[in-house]
Amino acid sequence: MAVRFFNTLTQQVDDFSTQDGKTVRMYTCGPTVYHFVHIGNLRTFTFQDLLRRWLRYRGYTLNHVMNITDVEDKIIRNAMQQGKTLGEYTEVYEKAFLEDIDKLRLERPERLVRATEHIQEMLDAIAKLKQDGYTYVSDGSVYYRIAQFPNYGKLARLDFSGMKSGARVDVDEYDKDDARDFVLWKQRKEGEPYWDSDFGAGRPGWHIECSVMAMKYLGETLDIHAGGIDLTFPHHENEIAQSEAITHKTFSRFWLHAEHLMVEGQKMSKSLGNFYTLRDLMEQGWQPDVIRYLLTSAHYRTKLNFTMDGLRSHASSLERLRNFKLRLDGEKFPDGTNTQLIERTATALRDFELAMDDDLNTAGALAAIFEFIRDANSAMDGAQFTAGNREPAQALLAAFDSIFDILRPVEREGGLSDEAIDALVNERIAAKKAKNFARSDEIRNLLLEQGVILEDTREGTRWKRK
RNA sequence: GGCGCGGUAGCCAAGUGGUAAGGCAGAGGUCUGCAAAACCUUUAUUCGGGGGUUCGAUUCCCCCCCGCGCCUCCA
């Protein structure tokens, strides 16, 4: 069964393929580095990470390009206010972005590209559009003339028939011939950063950077273009208009869009006070692995309700997953091989894969893993889980974790050393043997205060860090 | 107003034209010196409300209510 994705372009779930049968040419819209990215941005980037990992799991080679928008109105405004150059201003947030995605264990794309490093390519593209009659100049800025591009609206499925061409529909600060037209090159304003060009001093519009950088590194036709759902229109629609006007070829075969998340049941906004960055959440004591787990657990095309309760719930759930891994890796099992359990493991892997193939149904994939864990725990309790079952089960967890990447605990600094913990654990075992339960419990509590949890099993005491 | 998505147990969240996954939380139990972990039982006769199609609908159609998104630079 092939990997299938919901394609915004066709409005249905389509079998995925690449042009050359192997390499996925993938472009995703990255951050605008004017501030720290928020949890909603990170939801979209987490989806992109899952997408990458699943494609690799299915044998594809990745060629993924992500842009960093480092020239834009808010960036210019903030940089000017702070008396900084664009680069001085944006490097702080670009660095912060990279730190954040590292904390969430989001893989780096094969290539991260900055808009400001592709100004010449953008100018070349605008020149080509001008030559083919797709542009006009108004108040010194260069605009794209939508009326020249008949397919406009095919992605967002917007009906423009009711809109009057040439009407000044809104009070935009720029004069446009048609409300749908958008700027390719903005004329310089006094005091703002600018680049010299044949179109006059100015700076690029937003949409052109993605068309240009995507095609420069990935060719004229992409396999996948992905981003947040709000980018469908106008950003992605405009990217199509620009790119296809230049090449007369399909810009991207698949368009994947991640839904937004809600925070505590409401739209995330600064005014509601529910606007979180990863840093905010970590200051509140939430670990990034729990946040990653919450973001991966719901299907990417549903509105995910991000709540503190949800984080608590997922922290517990994550403990269950890790407890199982500890048990699987550390416990002694009877010799032999329970073939029924081997089959059960294979079924779990198959269910996991089927769910992921089906438009990245992470909730379904998790269910397959949890059902297996229950059965395996049960078998272990009943001494039915044998030594020969360990490796297949570990392979299943490895497959799962190659996508979800949550089983490895976050590294902590400080605290007791392994040796110190072992010494105390041994002292407690001796106390228990002597039926000195007061001392035994004292040690257990002492360790608990240090974030170490003890579990007495049939084979002795094992410990883990909280 | 136009277009679109969604409303499933206390919370989160899958799913299908044939009788409701999974996680968290709660209750009871097994195990344990006590815990922890794990397991077992239990918690939606029902999938926003009302019609319709059908042998049968949570799943398809229509209407209504509610939430949300897009409709010019917001993931």
Side-chain angles (χ1 to χ4, degrees), chain A residues 11 28-32 37-48 69 72-74 146 153 156-160 162-163 169-170 172 174 176 178-183 205-207 226-235 237-238 257-262 265-269 293-294 297-299 301-307 309-321 323-324 326-327 351 355 358 361-371 373-382 432 435-437 440-441 444-445 448 453-458 461-464:
Chain A
Q11 293 289 302
T28 61
C29 288
T32 299
V37 293
H38 56 67
I39 193 65
N41 295 321
L42 291 169
R43 196 249 172 129
T44 298
F45 298 138
T46 302
F47 147 68
Q48 292 170 3
T69 300
E72 175 266 356
D73 287 349
K74 286 188 286 280
I146 289 298
R157 289 168 194 264
L158 293 177
D159 179 8
F160 297 102
M163 293 175 82
V169 174
D170 62 5
D172 199 283
Y174 303 101
K176 298 188 283 190
D178 183 316
R180 302 171 299 169
D181 292 346
F182 58 91
V183 71
W206 176 35
H207 313 297
I229 192 168
D230 54 322
L231 296 183
T232 310
F233 189 87
H235 184 53
E237 195 68 57
N238 290 350
H257 291 103
E259 248 297 352
H260 282 183
L261 59 68
M262 317 274 290
Q266 289 184 292
K267 181 181 178 177
M268 180 173 62
S269 75
Y293 182 34
L294 177 56
S297 64
H299 187 93
R301 285 192 292 114
T302 65
K303 290 182 186 72
L304 185 156
N305 190 11
F306 189 93
T307 66
D309 267 355
L311 284 169
R312 268 185 287 278
S313 159
H314 280 78
S316 300
S317 181
L318 185 52
E319 272 307 297
R320 180 168 161 78
L321 289 168
N323 284 338
F324 178 71
L326 282 177
R327 190 176 189 189
D351 289 348
D358 185 14
N361 184 351
T362 49
L366 275 166
I369 297 301
F370 275 108
E371 285 177 62
I373 287 177
R374 186 193 56 223
D375 290 348
N377 268 322
S378 187
M380 289 176 188
D381 287 352
K432 268 181 57 161
K435 302 247 184 247
N436 182 356
F437 296 122
S440 160
D441 290 349
R444 188 167 63 197
N445 288 332
L448 185 61
I453 295 170
L454 300 191
E455 293 173 4
D456 293 333
T457 72
R458 223 177 268 148
T461 302
R462 75 174 170 228
W463 59 267
K464 64 186 180 187

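All values below come from the heavy atoms of this structure, side chains included, with hydrogens, waters and symmetry mates left out. Residue numbers start from 1 in every chain, and the chains themselves are labelled A, B, ... in the order their sequence lines are given, proteins ahead of strands.
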What is the distance, to the nearest angstrom, from the CD1 atom on A/I146 to the P atom on B/C73? 15 Å
Within the structure shown, what part of the strands sits under 4.0 Å from A/D230 by heavy-atom distance: base, sugar-phosphate, or nothing? base
Which residue lies more 5' along RNA chain B, comparing A/E319 with A/A258 via nearest heavy atoms: A/E319
Partners passing ring pair (Phe, Tyr, Trp, His ring centres under 6.0 Å) against A/F370 (at least two apart in sequence or in another chain): none
For A/R374 and B/C39, is the shortest distance between a side-chain N/O and OP1 or OP2 below 4.0 Å? no
With centres under 5.5 Å and planes under 30° as the test, does A/H260 stack with B/A75? yes
Dump every N/O contact between nucleotides 5-8 of chain B and the protein below 3.5 Å, one line per pair.
{"residue": "B/C5", "atom": "O2", "partner": "A/K303", "partner atom": "NZ", "Å": "3.3"}

Which nucleotide in the set B/C24, B/A75, B/C39 lies at the smallest distance from any side-chain heavy atom of A/S378? B/C39
Under 4.0 Å, heavy atoms only, any strand: does A/G40 hit a base, just the sugar-phosphate, or nothing? base
Which of these nucleotides, B/U72, B/C39, B/C12, is closest to any side-chain atom of A/H314? B/C12
To the nearest angstrom, how far is A/N323 atom CG from B/A36 atom P? 12 Å
May I ask you to evaluate whether A/S440 reaches the phosphate of B/C34, defined as a side-chain N or O under 4.0 Å from OP1 or OP2? no
Under 4.0 Å between any heavy atoms, over every strand shown, what does A/Q266 touch: base, sugar-phosphate, or nothing? Just pick one. nothing
Ring-base stacking, A/F370 with B/G22 (5.5 Å, 30° cut-offs): no
In whole Å, what separates the P atom of B/A20 from that of B/U58? 11 Å
Which atom of A/T44 lies closest to which atom of A/G227, heavy atoms considered: CG2-C, 3.9 Å
Distance, rounded to the nearest Å, where A/F306 contributes CZ and B/A75 contributes P: 17 Å
Of all the nucleotides listed (B/C24, B/A36, B/A35), which has the minimum atom distance to the side chain of A/D456? B/A35
Does B/A38 have OP1 or OP2 under 4.0 Å away from a side-chain N or O of A/N377? no
Does a distance-only test, which skips hydrogens and angles, find a donor-acceptor pair under 3.5 Å between the side chain of A/D441 and the base of B/G33? yes
Over all strands shown, is A/K432 touching base, sugar-phosphate only, or nothing at heavy-atom distances under 4.0 angstrom? base
Under 4.0 Å between a side-chain N or O of A/R320 and OP1 or OP2 of B/C39? yes
Contact class for A/L231 (heavy atom, under 4.0 Å): base, sugar-phosphate, or nothing? sugar-phosphate
Integer angstrom distance from the C1' of B/C61 to that of B/G23: 34 Å
Euclidean distance, atom CG of residue A/L454 to atom P of B/U32 [Å, nearest integer]: 19 Å
To the nearest Å, give me how far apart CZ (A/F437) and C1' (B/C34) are. 8 Å
Partners passing salt bridge (Lys or Arg N to Asp or Glu O under 4.0 Å) against A/R43 (at least two apart in sequence or in another chain): none
For a quick check of understanding: with a heavy-atom distance under 4.0 Å over all strands, which category does A/H38 fall into, base, sugar-phosphate or nothing? base
With heavy atoms under 4.0 Å as the rule, sort A/L261 into base, sugar-phosphate or nothing. base
Separation between CD1 (A/I373) and CE (A/M380), nearest 0.5 Å, reads 9.5 Å
Considering only atom P, compute the distance from B/G48 to B/A13 and round it to an integer number of Å. 15 Å
Students often get this wrong, so: under 4.0 angstrom with heavy atoms, is A/T302 touching a base, only sugar-phosphate, or nothing? sugar-phosphate
B/C40 base / A/D381 side chain donor-acceptor hit below 3.5 Å: no
Between the base of B/A35 and the side chain of A/R444, is there a donor-acceptor distance below 3.5 Å? yes
What do the steps show when you test A/M268 against A/M262 for side chain to side chain contact (heavy atoms under 4.5 Å, CB included), and what is the final call? CA-CA 6 Å; A/M268 180 173 62; A/M262 317 274 290; over 6 Å; no
For the C1' atoms, the ones on B/U54 and on B/G17, what distance do you get once it is rounded to whole angstrom? 9 Å
Does a donor on one side chain sit under 3.5 Å from an acceptor on the other, for A/Q48 and A/T28? yes
Given B/C24, B/A36, B/A13, the nucleotide with the shortest approach to the side chain of A/A363: B/A13
Which residues pass the salt bridge (Lys or Arg N to Asp or Glu O under 4.0 Å) test with A/D456, not counting sequence neighbours? A/R428, A/K432
Classify the nucleic acid contact of A/E455 as base, sugar-phosphate or nothing, counting any heavy atom under 4.0 Å across all strands shown. base
Find the distance A/K464:NZ to B/A36:P and express it as a whole number of Å. 11 Å
A/V183 side chain: which of B/A36, B/C73, B/A25 is closest? B/C73
First of A/L321 and A/G228 reached from the 5' end of RNA chain B, by closest nucleotide: A/L321
Send over the distance from A/I229 CD1 to B/C68 P, rounded to a whole Å. 15 Å
For A/L261 against A/I39, the heavy-atom pair lying closest together: CD2-O, 3.6 Å
Charged N-O contact under 4.0 Å between A/K464 and A/E455: yes
Between the side chains of A/H299 and A/N361, is a donor N or O closer than 3.5 angstrom to an acceptor N or O? no
Minimum heavy-atom separation for A/G364 to A/A355, with atom names? C-CB, 3.7 Å
Spell out yes or no: do the side chain of A/S317 and the base of B/G22 have one donor N/O and one acceptor N/O closer than 3.5 Å? no
If the P atom of B/G51 is compared with that of B/U46, how far apart are they to the nearest Å? 15 Å
Expressed in whole Å, how much space separates the C1' atoms belonging to B/A9 and B/U45? 13 Å
Taking ring pair (Phe, Tyr, Trp, His ring centres under 6.0 Å) as the definition, give me every residue that meets it alongside A/H257, ordered by chain and number, with sequence neighbours left out. A/H236
Intra- and inter-strand pairs of RNA chain B in dot-bracket (Watson-Crick or G-U wobble, both distances under 3.5 Å; | for another strand): (((((((..(((.....[...))).(((((.......))))).....(((((..]....))))))))))))....
Can you classify the ring geometry of A/Y293 versus A/H314 as parallel (below 30°), tilted (30 to 60°) or perpendicular (above 60°)? perpendicular
If you look at every heavy atom in A/G265 and A/N305, which pair is closest and at what distance? N-OD1, 2.7 Å
Answer with base, sugar-phosphate or nothing: what part of the nucleic acid does A/N361 contact at a heavy-atom distance below 4.0 Å? sugar-phosphate
A/R43 CZ to B/A13 C1', straight-line distance once rounded to whole Å: 12 Å
If I pick the C1' atom on B/G49 and the same atom on B/A57, what distance separates them, to the nearest angstrom? 16 Å
With rounding to whole Å, what would you report as the distance between B/U42 and B/G69 at their C1' atoms? 40 Å
